[in-house]
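What follows is a short report on a single structure.
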Amino acid sequence: MANCDAIAQVAVPAPFHHLFDYLLPTAEPPPCVGGRVLVPFGKRRVVGLVTGLTNETPIERRRLRAIETVLDTRPVLPEELLKLLLWASRYYHYPIGECLATALPSLLRRGRPAEPALERVWRIAPAGQTIAANALRRRAPRQARLLEILQQSARPIGCAELTDSNGDWRGALERLAARGWIAASDRPVYALRRSHTRTAAPTLNLAQSKAVRAITAALNNFQALLLEGVTGSGKTEVYLAAIEAVLAAGRQTLLLVPEIGLTPQLVARFTSRLDAPLAVLHSGLSDTERLEAWHAAGNGAAPIVIGTRSAVFAPLARPGLIVVDEEHDTSLKQQDGFRYSARDLAVVRARRLNIPIVLGSATPSLETLYNVRRGRYRQLRLPQRAGGAATPEFRIFDVRGKPLREGLSQPLQQRLQTHLDAGRQALLLLNRRGFAPTLLCHECGWIALCHRCDARLIYHHPGKRVRCHHCNYDRPVPAHCPHCAGPDLRPLGLGTQRVEAALRLAFPSAGLLRIDRDSTRGKGAFEARMAAAQRGEAQILLGTQMLAKGHHLPEVTLVAIIDADQGLFGSDFRAPERFAQLLIQVAGRAGRAAHLGEVVIQTHHPEHPLLQILIHRGYKDFAEVALKEREQAHLPPFSAMALLRAEAHEADTPHVFLAQAKASAQPAPGITMLGPVPAPMERRAGRYRAQLLLQTAHRDELQALLRNWVPRLAELEQARRVRWSVDVDPLETL
DNA sequence: AGCACGCCGACT
DNA sequence: GTCGGCGTGCTC
């Protein structure tokens, strides 16, 4: 008999790598795997999740305590998702309870009942079907109108929906119900997105149709497909067509997008093209909205679920397809706490669900390309830009020894003028916000430094302030040099605000929009600016890498990278990949409609091999060369890495802790431990930071080490004096 | 992570 | 004399 199990294994919201065993309650219904329970834990009571039922426990019987309340008689997490989270907890070596906590909506975490909230809906009753609404019209116009609406509607209609268009008709509804003409029922609230106007699908080109066929042919099996399509090649149309097929099969699609990619425009595009409601999951939702969207995904009310990183943990009633858009985007990896990669977990989940997964990008990560090469992923290419737009032309402007006006060379200014004269838009990229990255005293050479970080303060022009971009320290520019009291403090170097000022002077009649984190601070500000650009309210768009991600700007024909040098000399081994992706992504913004685009790159290193290969041979060849280099250097994806980070207020405790950690490890011969070394910016927000890098050619070796090692780190003598964290498959290592 | 216990400094 | 600082020990 299966239910003679007397012990529940419970994941508890506390930093432990193991489960806690509890006796089953006597007076309660039996708990279920995947359901929540209220348990006594130390001196408090917490909401835990049952991950298993068993008869065995290593704990002394007398020390076991009993579950206090069973909160769910049915699982809140489907078994598939629970298993995925247990797997992720082991893979990322993060406490199981905390992993589950990131997956559950906060209301459920706090013990709220798992049933969705209900709303009252009305539909026509058999007796009301044949009543002539017109006969009612004189005496009770509202009742007549309502009767008409409900007679014509196939689905029940909610109070809110009726009230919206017709004022408050609640009284009339009650009267119709009293006559037995209409009937009320309650249905769950889901806040689904749905559009009532439908946009027709464009005709797909050959490559698009081939890609769609490849995806739909795989619908009943696991297969990972890389959809590699240059910007503007119509990846979204491929997603849409594939989703149609999944809908037709009565199954759900989960679409993951980078944070900045989840715009109202994207949602509108999906709702207007697909005849199915859509649930949206992102960080801006209220607790209630999040819970409703989660329920809609979990019981299948939403055939399509779109969300950012954490949506990879959305429950799905009838999963049919997973799509990860912009799979190379770093925002898909969580950068603190439970440091999971939503892309990688999405692949694991698809494999466990035995459904296909599509990874889309114009600039795929080297990890993904390596998986294609090894035959694990299948590659689908969209080589042409949809609508026949030509590939933009690249030009390198060698700025060595040339006069620059706030970073803009003569030839660049001329190109800009030409494109503006032709009535087009230009997009200028400078990956540095603020006015100038340095404030210097001309008398003595003093530089404004952050007192909490190893960083310079950035001069911001509006309000004449200096700010630290790492800890948000912010103060007015001093009137005199704090060192020599000299009056001549000068901004040194280029930021977007400075280039903005120069451009306004040089092109006074052109409208200009600056798009960086400062100018898009408020909610929806980025959207509003991009929309204004789209409407042609500005001819020049100047900004940071945010610009590479906005939406279609068909009138942009000139893209300029003002300072390629800063991207060419990054110190992390992934810097070239990041630069290549940024360059190709912004270049893709040029000439998307009928006009030929031009991409200008200003640099002091025109011969740099990275630039040369990118502009003459393209991303694909770059990736090939970069993979070769990674292979020779034994770097990912040819090896696996994990990083142990530590930080503390005192300068050497992180180092001491990491040294103790290193000494306590029993590394297999194939594992190298590098460090401890200071982190790239050793002091940040008043904390000293250091790290220990683990590297091996064999992932299982690394996993085996971490499995024994990480749970014991908390017991190290210095562990309480530092904040430490483990990062498996880190994106930044140096 | 919480929460309690426990042992040393400045306050009504 | 106590209120309270945070070190350290524990959670099935």
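Below, read A as the first sequence line, B as the second, and so on, with proteins coming before strands; counting in each chain starts at 1.
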Less than 6.0 angstrom separating the ring centers of A/F338 and A/Y94, yes or no? yes

The residue among A/E732, A/R630, A/Q581 that forms side-chain contact (heavy atoms from CB on, under 4.5 Å) with A/R574 is A/R630

Going 5' to 3' along nucleotides 7-12 of chain C, which nucleotides have protein heavy atoms under 4.0 Å from the base (write B), which only from the sugar-phosphate (write S), and which from neither (write -)? -BBBBB

A/S639 and side-chain hydrogen bond (donor to acceptor under 3.5 Å, both in side chains): which single residue from A/H634, A/Q695, A/R699 fits? A/Q695

Taking the ring centre of each residue, are A/F41 and A/Y22 less than 6.0 Å apart? no

Does this structure show an ion pair linking A/R689 with A/E682, if we count only N-O contacts that are shorter than 4.0 Å? no

Give the rounded distance in Å between these two atoms: CZ of A/R45 and C1' of B/dA1. 18 Å

